[in-house]
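Accompanying notes for the structure given below.
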Amino acid sequence: MASNGGTITPDIARRFPVRILESGPAAGALMSALLGRRLGIPNLLSFDMGGTTAKGCLIRGMEPLKKYTFEVARMHEFKAGSGLPVRIPVIDMIEIGAGGGSIAEVDARNVIRVGPRSAGADPGPACYGQGGTRPTLTDADLVLGYLDGGFFLGGKMRLDRAAAEHALGGEIGRVLDIDAARAAWGTHEIINEDVARAFRVHASERGFDYRGCTMIAFGGAGPVHALRIARKLKIPRVVLPVGAGVMSALGLLASPLSFEIVRSNVVLVNDLDRAGFIARFAPIAEDAQSYLLNAGVAKQDIRLIHRLDMRYYGQGYDLEIVLPEGELGELFDQLPKLFAQSYEQIFGMSFLTQALEIVNWKTEARGPFPKMREGQGPGGASAAKRSALKGRRTAYFPEAGGYRDCPVYDRYALSPDDHIEGPAFIEENESTCVVGVGDKVAVDRYFNLVAEILAQGDGQ
Amino acid sequence: MTTYDPVSLGILWDRLISITDEIVSTLIRTSFSINVRESYDLSCVLFDASGNPIAQGSYSVPSFTGTSGPTIAHMFKKYPADSLREGDVIATNDPWMGTGHLYDISVMRPVFHRGRRVGFTMSITHLPDVGGAGNSAGPSEIYEEGLRLPVCKLMNAGQLNTELLDIIRTNVRVNEQVIGDIMANISCNEVGGRLLSEFMDEYGIDDLTALSQAIRDQSERVIREKIAEIPDGRYTNQIQIEGIDQPITLACEIVKRGQSIAIDFSGTGGCVRAAINVPFCYTRAWAAYSIKCLTCPETPNNEGQIRPIAVTAPDDCILNAQPPWPTAGRHSVGHFVVPLIFGALAEAVPNVVQADPGMMNIFNVQGRHRDGRDIASLFFLAGGFGAHDGLDGTPTTPAPSNMGVVPTEVWENLTSMSVIKRELLADSGGAGKFRGGVGQEVVLRNDTGHPLTVSFMGLRTQFAAAGFHGGKAGGLRRYTINDKEAHPKGRYVLAPGDTVVIHEAGGGGFGDPRGRDRQALIDDVRKGIVSRAGAQRDFGVEISDEELDAR
């Protein structure tokens with residue numbers, strides 16, 4: 001697996017080891033893309049949240065957005081600019097230092113801040129009872145009733161709610177003069193805001209209109225937060241895939257062999273003609289294609305995808321234009337129109353008279369998508385016969401005025417066409433889906449949970 | 001009035017900052033000049049309906065934090081807030097209303113939500129050119145410096161003021177960059193307005209007044225508590241800085257009592273017939289910024305933090321220049337307000353002051369690119385950072401302002417000059433228990449094939465960055481052209497092939513050099529930041545071959 005989400009052969013990986021940097025996080029994004037193809041949803045937000053970080057990715061036209069430079073080994077609180085730049089094609093991931101272990105504290109302004117410091121797994125959150133004393137996001141989710149102290153990791157680990165309350169009430173509550181529940185809500189909601197903000201900024205920089213898209217959420221803490229984050233982003237629907245861990249592995253298997261080459265060659269569009277345009281792409285395409293031919297892909301199965309980084313002459317940032325399928329010469333004539341459309345979509349205006357410049361020329365050679373069979377339900381045939389309602393517990397929802405009694409469902413006992421209305425919880429071994437007041441969840445025929453999000457102003 | 005508990009306040013406050021960050025991001029992506037997209041010489045600010053600044057983009061020049069409030073007040077004098085309609089865009093580059101020189105344009109737009117005016121957004125960027133003499137210390141009156149726009153409407157109810165844009169286009173060099181940047185300012189504020197309105201919808205807020213009040217009050221409370229920790233007293237400082245022909249004296253008296261601070265600049269020298277005079281708006285902004293750095297550097301910027309700080313300066317001293325004194329290079333004097341204040345408070349708050357920095361170096365280049373197009377651009381370089389108690393100064397890091405230095409590749413592309421060399425200068429950081437940041441040697445060659453005019457506005461060529469608490473001074477800045485010494489505020493025409501060598505100044509050290517950790521010094525020598533001879537001379541430490549080789 002390469003960092004750009006394509007598969008490469010071991011031989012190519014040995015020659016270009018840099019191309020497999022960051023291939024791990026790419027798996028989740030690919031799973032989301034796979035799910036999108038299966039459900040017929042072209043534009044998606046992929047959201048994965050675990051113990052220390054949250055990761056996001058935008059998927060446009062069934063493909064994860066890519067970028068061509070990223071940073072490794074960031075030294076200062078995950079801050080951009082503090083790492084080493086690497087210039088290879090990678091899936092464009094948003095990384096946020098927010099996860100279950102993120103520590104909540106009162107900042108210099110006297111308001112709550114969560115992260116970027118994390119208690120990690122050791123000592124871990126206060127509720128783990130392993131010596132951690134500082135309040136974390138997991139402690140907050142436990143105090144709010146979003147997690148069940150007796151059913152963490154499917155009951156394999158007990159969480160100490162009193163310890164969580166003590167940590168939140170002490171370090172946050174006493175300083176700000178609020179109770180542990182309000183401190184917990186603040187901690188939970190600040191993480192939701194942080195993730196929503198990261199998506200918003202990321203999307204606006206890339207000209208991606210997320211409103212109306214679908215979100216795919218997974219990871220241990222993803223389903224706990226996803227529905228509320230979606231509401232902040234005006235996203236009407238969240239899909240919680242069945243067996244997310246396995247799905248990520250499938251995502252890896254389901255991606256085609258691919259190799260992409262980027263060449264910089266700064267040239268004004270006005271200085272080019274059709275022939276020159278075609279001639280510049282030819283050697284790049286040939287190179288990219290050769291890697292796949294060597295890997296045994298038949299020539300007729302290779303698809304070439306051309307992309308250009310372009311800008312108005314005089315600007316310093318470029319915009320990637322994906323050339324639609326078609327004859328290159330004809331596409332050359334359409335460049336000004338294609339660029340103006342993309343520019344206007346992002347920045348609200350475009351200049352027709354300003355000269356255009358091409359900065360980078362990119363060609364991806366891609367083999368066919370492997371054929372996949374459709375999946376089965378997570379619990380097997382007998383699961384559906386059990387009663388899905390496994391119990392009730394009280395949980396905090398500001399719209400409901402505080403703690404209220406909510407049903408708890410067993411995800412493994414749900415069948416297609418089951419419907420659940422929030423507030424409610426749907427538990428599986430790895431995570432819990434928090435269904436907010438007014439949200440509605442249905443189970444689709446693949447056993448995915450599909451949540452419809454109530455569109456309205458947030459409660460305070 | 002609505003009140004906000006700490007949980008809601010934190011969430012809503014961060015969201016407002018996030019909106020300003022998105023305005024910055026739009027501005028950078030759409031700009032045409034390297035001042036904006038490489039040097040980040042910009043700021044974006046959100047105001048409430050009364051014109052109080054409540055949030056600012058995280059990437060912003062510090063001085064603009066303090067100037068935006070007075071700027072919008074000047075705009076209201078001509079166009080009262082109540083008279084503004086949806087789609088109006090107001091602008092000015094007047095030095096006394098904006099940020100102290102003609103190069104910065106402030107662009108403001110009212111935000112309407114459900115038909116009501118609920119706030120304003122403003123972006124401020126440094127334009128690549130405003131006509132006139134070009135950015136240099138040369139002019140002796142403001143009229144020589146270029147186009148001065150009073151408060152005016154760039155857009156009127158959604159209609160672009162094309163006549164005004166034509167006037168600007170006709171009067172400036174590289175007009176496609178200037179007009180492109182102005183359009184980027186217009187469009188980023190439009191995005192800002194949309195985001196603010198969406199935010200208010202989402203949280204069901206009709207009026208920002210209560211939220212603004214809460215944010216500003218909270219900020220004021222935090223800074224007042226921190227100011228209270230500074231020992232009460234009267235603190236003074238006086239420094240010499242280089243002018244054109246003779247040194248200029250800057251002086252301050254700081255009176256700290258309880259939770260307030262008053263800073264007065266009496267004793268400061270008069271204005272000079274060169275474009276380095278400082279309008280008071282700029283002086284005041286840097287004074288407030290200095291106190292913020294010493295008290296609550298981490299808190300976001302807004303109007304509340306300026307309230308406890310009173311700043312005054314006598315009329316027509318160089319820190320309170322009146323029209324028509326020229327001001328283009330006002331930073332070359334104004335930036336010294338920060339080390340002046342830090343120096344005054346070095347004994348009172350020794351653990352937080354920064355020893356003098358090598359400061360930034362801006363020079364202007366005008367001419368013709370190898371391919372024939374016009375060049376008019378600033379080149380940003382930086383001296384070493386001043387050391388703190390417990391922290392070495394980083395190399396070539398601008399202070400007190402935070403603009404980014406221009407990358408070599410970008411500069412070569414933009415100008416067709418060649419950057420022959422950029423190398424850290426050993427021993428240029430002031431020695432100290434904590435070492436000042438080193439400067440850099442930069443070698444540039446005019447490969448444009450045309451004559452090229454360079455205008456320097458150099459600092460720290462006579463008066464080095466002082467060390468604090470026993471730390472030594474950093475190295476001086478130097479300019480040579482074809483191996484001949486050049487005037488640090490001179491204007492020169494480079495013939496094709498001429499070479500400019502610049503030595504960037506080092507930052508001052510902190511604490512007695514003999515107290516420096518031996519291993520840290522060995523690391524410095526290994527990295528070439530301190531030479532072995534320098535270790536002996538400046539730190540009194542002989543480093544052996546074995547120590548250097550040991551890993």
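Protein chains get the first letters and strands the later ones, always in sequence-line order, with residue 1 at the start of each. Because the structure is predicted, anything quoted here is derived from the model rather than measured.
Residue contact with chain A, scored on non-hydrogen atoms closer than 4.5 Å, involves the backbone and the side chain of Ile28(B) alike. For chain A, the nearby part of Val222(B) is the side chain; its heavy atoms alone come within less than 4.5 Å. Only the backbone of Ser31(B) comes within less than 4.5 Å of a heavy atom in chain A; its side chain stays farther off. Neither the backbone nor the side chain of Gln177(B) comes within contact range of chain A; no heavy atom of the residue lies under 4.5 Å from a heavy atom of that chain. Within the 4.5 angstrom heavy-atom criterion, only side-chain atoms of Ile178(A), from C-beta onward, approach chain B. When heavy atoms are compared at a cutoff of 4.5 Å, Arg311(A) does not approach chain B at all. For Arg373(B), the part sitting under 4.5 Å from any heavy atom of chain A is the side chain, from C-beta outward, and nothing else.
A 6.0 Å sphere centred on NZ of Lys66(A) holds more than 12 heavy atoms belonging to other residues, nucleotides or ligands. The number of heavy-atom neighbours closer than 6.0 Å to CG of Asn265(A), taken from other residues, nucleotides and ligands shown, is above 12.
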Test side chain to side chain donor-acceptor pair (under 3.5 Å) applied to Arg29(B) and Tyr343(A), step by step: CA-CA 10 Å; Arg29(B) 297 271 148 185; Tyr343(A) 195 90; over 6 Å; no

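Put simply, CG on Asn110(A) and OG1 on Thr299(B) are 11.5 Å apart, with the number rounded to the nearest 0.5 Å. Here the CD atom belonging to Glu198(B) is positioned 5.5 Å from the NZ atom belonging to Lys234(A), to the nearest 0.5 angstrom. Taking CD1 of Ile19(B) as the start and CZ of Arg197(A) as the end, the distance is 10.5 Å to the nearest 0.5 Å. Atoms CD and CG, from Glu202(B) and Leu233(A) in turn, are 8.0 Å apart once rounded to the nearest 0.5 Å.
Salt-bridge formation is detected for the pair Arg109(A)/Asp14(B): a Lys NZ or Arg NE/NH1/NH2 atom is positioned less than 4.0 Å from an Asp or Glu carboxylate oxygen.
Every residue two or more places apart in sequence or in another chain that forms a ring pair (Phe, Tyr, Trp, His ring centres under 6.0 Å) with His188(A) is listed here: Tyr146(A), Trp185(A), His225(A). For His113(B), the side-chain contact (heavy atoms from CB on, under 4.5 Å) partners at least two apart in sequence or on another chain are Val118(B), Ser197(B), Met200(B), Asp201(B).
Of the listed residues (Gln218(B), Glu298(B), Arg194(B)), the greatest number of heavy-atom pairs within a distance under 4.5 Å of chain A belongs to Gln218(B).
Arg15(B) has its side chain out of reach of Lys232(A): every pair of non-hydrogen atoms, C-beta onward, lies at least 4.5 Å apart. Residues Asp5(B) and Arg182(A) have side chains in contact (heavy-atom distance under 4.5 Å, counting atoms from C-beta outward).
In plain terms, the two heavy atoms of Gly10(B) and Val111(A) that are nearest each other are CA-CB, 3.7 Å.
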